[in-house]
Every structure is written in structure tokens, then in C-alpha cells.
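By convention here, the first residue in the shown sequence is residue 1. All heavy atoms count here, side chains included; hydrogens, waters and symmetry mates do not.
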Amino acid sequence: MELFDEPTTKTPEQKQAILDNVRLPEDWKAALADELTSENMDNLRAFLKEAYQSGDSIYPPAPLMFSALNLTPLSQVKVVILGQDPYHGPGQAMGLSFSVPKAIPKPPSLNNLLKEMADDIGIRPSAHGDLTYWAEQGVLLLNSSLTVKEGEPNSHQNKGWEQFTDAVIDAVNEQTEHTVFILWGSKAQKKGKYIDTDKHLILTAVHPSPLAANRGGFFGTKPFSKTNDYLVQYGQTPIDWQLPQ
């Protein structure tokens, strides 16, 4: 390719072929069609293909990569809890921010999150850290980056995921009403800078990681009761935060 060649433009048929291979709820596919067929996603797919071929262990497993979107269709989103990137230890990441499978010990950030929930609304923390029950009620548990290399936090930053998840946040911002965005930590807060505060609620605090939370600014912020109060105010069913034991 010459240096100043025009970038290749996909035909409608080529874009549809890509979308036909995407396994997401139809409302997400429609809202994200431009991003899913973009050059950014082409580059991201190529990066991930190379990573898998090189033998890297990538988390979460590929079938769980889009769990946040698959468990919470766009039309059902009431709350967004934004994380950074998936857990990077074996068996931890399941495609939902902060969540781990039932058999996996709860990481420190999740323990702090559940402790704040207990103090806020009087719910006893569950023995496990699987947050699927929240996702099924309309809590979009979204990470900024949807993959990570084993043992290397932030290893898949700046590979294209950020643009994709920006498009997810934009879709929620534009196509839903009275959604609660829970943004913990400076990175999450920067990512939410274009959310329309005239029609959504933004709750911010420091990140629940021990390093940040123990300095103050996380415990006592009451995000769970504030979320439900807001949802009820606008005629929506509150979230049942009590995880099944």
C-alpha cells in the first residue's frame, strides 16, 4: 500500500457478514454496528488472534469475553458499574467487572465492594463473588478493556478495547433514560466524562482496591442505596443486591 492510499472501506455486504458472526443481543448489535465493523475492531481482532497464536493465556476465556453485554441487553440496562480490565489470575475473569466464579476466592476489591454494600443497605455479603444475578437485573458490569494476558494487568490497554467500550457507554447514554453510572476511580471517571447528567445519575468514589479504599473516599459513599432510590424515583424496579447464596 502506498503511504497516502485511502483506507479500505467495507461494503454493506462485508459489514453485514461481520455482524452476522457477532453473538450479541440484537439491540447491542444495532447500537454498536459501526464500531463492530470499524477498522479499530479489525485491528483488535488481529491483535487477539496473534496473542492466542503465540500461546498467551488470555482472560476471560473467549466464550465469556462479551458476557457483560450478553447478560444485560441494552434495553434492560439500569445501572453501569465500570471496571478497568479483567482479573489476570487463572479462573478469575468471567467477563463481568469485579465478578469471579462461585468457586474462586473473592479478590480484595470485590470484598471491599461487598463490605460497603453490607454497611449501606444491611445485606450480609455472600460467600461467593459471582455477580451474575446483578447482571440479569440490568446491571451492566463493564470493564474498559475486555481481555488481559495472564499475570499482566493492563496488558491489553490501548489495543482497541477502549474505543469499543466508549461506544458501549455512548449507546447507554443515548438510548436509555435514568440510568445510574457508578464510576470508581479516576480512570472510570474519565471514561464517563460525556455522560448526560441531565438524564442520568453519576455516582463517583475512589476505587475499591485496598490501596485506594483504605485511604478514604470509598467506604460510606452508599452507592447501592443511592442507586435504588434513584431508580424508584423514576418508576423503575430497584436492584435486588442480595446475591443468592
Side-chain angles (χ1 to χ4, degrees), residues 17-29 32 35-38 40-74 76-77 80-111 113-114 126-169 187-188 191 208-209 243-244:
I18 292 172
L19 294 174
D20 287 343
N21 287 323
V22 173
R23 293 186 176 89
L24 287 176
E26 289 301 319
D27 55 4
W28 278 125
K29 286 175 67 170
L32 301 173
E35 179 58 29
L36 289 166
T37 57
S38 68
N40 176 66
M41 289 303 287
D42 292 343
N43 294 336
L44 178 56
R45 291 184 190 99
F47 165 75
L48 290 172
K49 182 178 180 180
E50 182 178 345
Y52 284 118
Q53 289 177 341
S54 71
D56 289 351
S57 292
I58 305 299
Y59 300 136
L64 301 180
M65 196 177 295
F66 293 100
S67 288
L69 303 182
N70 282 317
L71 287 170
T72 313
L74 176 57
Q76 297 177 20
V77 174
V80 179
I81 297 180
L82 186 61
Q84 188 166 321
D85 63 351
Y87 296 121
H88 53 86
Q92 291 181 306
M94 55 186 296
L96 304 175
S97 62
F98 295 101
S99 182
V100 292
K102 287 184 171 66
I104 299 296
K106 290 177 285 188
S109 292
L110 180 56
N111 268 324
L113 186 161
L114 296 176
S126 63
H128 66 83
D130 184 346
L131 307 183
T132 300
Y133 183 59
W134 295 358
E136 292 171 342
Q137 296 179 72
V139 182
L140 181 64
L141 296 165
L142 182 69
N143 279 314
S144 295
S145 179
L146 300 191
T147 57
V148 71
K149 182 179 177 180
E150 180 179 9
E152 296 186 20
N154 306 320
S155 50
H156 287 186
Q157 283 193 1
N158 302 317
K159 303 299 183 183
W161 279 127
E162 291 85 357
Q163 181 173 315
F164 174 78
T165 51
D166 279 349
V168 171
I169 293 171
K187 289 186 177 180
K191 198 169 179 68
S209 66
L243 296 172

- Give a yes or no on whether the backbone of Leu36 and the side-chain of Lys29 come within a donor-acceptor separation of less than 3.5 Å. no
- Quick one: does Asn143's side chain get under 4.5 Å of Ser97's, heavy atoms only? yes
- Message: Return the NE2 to CG distance between His128 and Leu114, rounded to the nearest 0.5 Å.
- Response: 9.5 Å
- Query: Can you tell me how far the OH atom of Tyr59 sits from the CD atom of Glu150, to the nearest 0.5 Å?
  - Reply: 3.0 Å
- Query: Can you check whether Val168 reaches Trp28 side chain to side chain, under 4.5 Å on heavy atoms?
  - Reply: yes
- Message: Can you confirm whether the side chains of His156 and Ser145 place a donor and an acceptor under 3.5 Å from each other?
- Response: no
- Task: Working to the nearest 0.5 Å, report the span between OG1 of Thr147 and CG of Leu48.
- Result: 5.0 Å
- Got a sec, which residues hit side chain to side chain contact (heavy atoms under 4.5 Å, CB included) with Ser38, two or more places apart in sequence or on another chain? Glu35, Asn40, Met41, Gln163
- Message: Tell me the closest heavy-atom pair linking Pro86 and Pro60, and the distance in Å.
- Response: CG-CD, 3.9 Å
- Residue pair Gln84 / Asn154, side-chain heavy-atom distance below 4.5 Å: yes
- Query: Any side-chain heavy-atom pair from Ile58 and Tyr52 closer than 4.5 angstrom?
  - Reply: yes
- Of all heavy-atom pairs linking Met94 and Ser99, the shortest is SD-OG, 3.0 Å
- Gap separating the CG atom of Leu74 from the CG atom of Leu69, nearest 0.5 angstrom: 9.0 Å
- Starting at OG1 of Thr72, measure out to CG of Leu141 and round the result to the nearest 0.5 Å. 6.5 Å
- Query: Got Phe164 and Leu32 here, is their nearest side-chain heavy-atom distance under 4.5 Å?
  - Reply: yes
- Task: Taking the side chain as every heavy atom from C-beta outward, state whether Leu82 and Thr165 have any atom pair closer than 4.5 Å.
- Result: no
- Message: So, taking the atom named CG in Leu96 and the one named CH2 in Trp134, what distance separates them when rounded to the nearest 0.5 Å?
- Response: 11.0 Å
- Task: Spell out, as yes or no, whether a donor-acceptor pair under 3.5 Å connects the side chain of Ser126 to the backbone of Leu243.
- Result: no
- Query: Pro25 and Asn70: which non-hydrogen atoms are nearest, and at how many Å?
  - Reply: CD-OD1, 3.3 Å
- Note on the structure: Lys159 and Glu162 have their tightest heavy-atom pair at N-OE1, 3.9 Å
- Validation row: Asp27, Gln76 side chains within 4.5 angstrom (heavy atoms): no
- Message: Can you give me the closest heavy-atom contact between Tyr87 and Phe98, atom names plus distance?
- Response: OH-O, 2.8 Å
- Query: Side-chain contact, heavy-atom cut-off 4.5 Å: Glu152 with Asp56?
  - Reply: no
- Message: Can you give me the closest heavy-atom contact between Leu146 and Leu142, atom names plus distance?
- Response: CD2-CD1, 4.3 Å
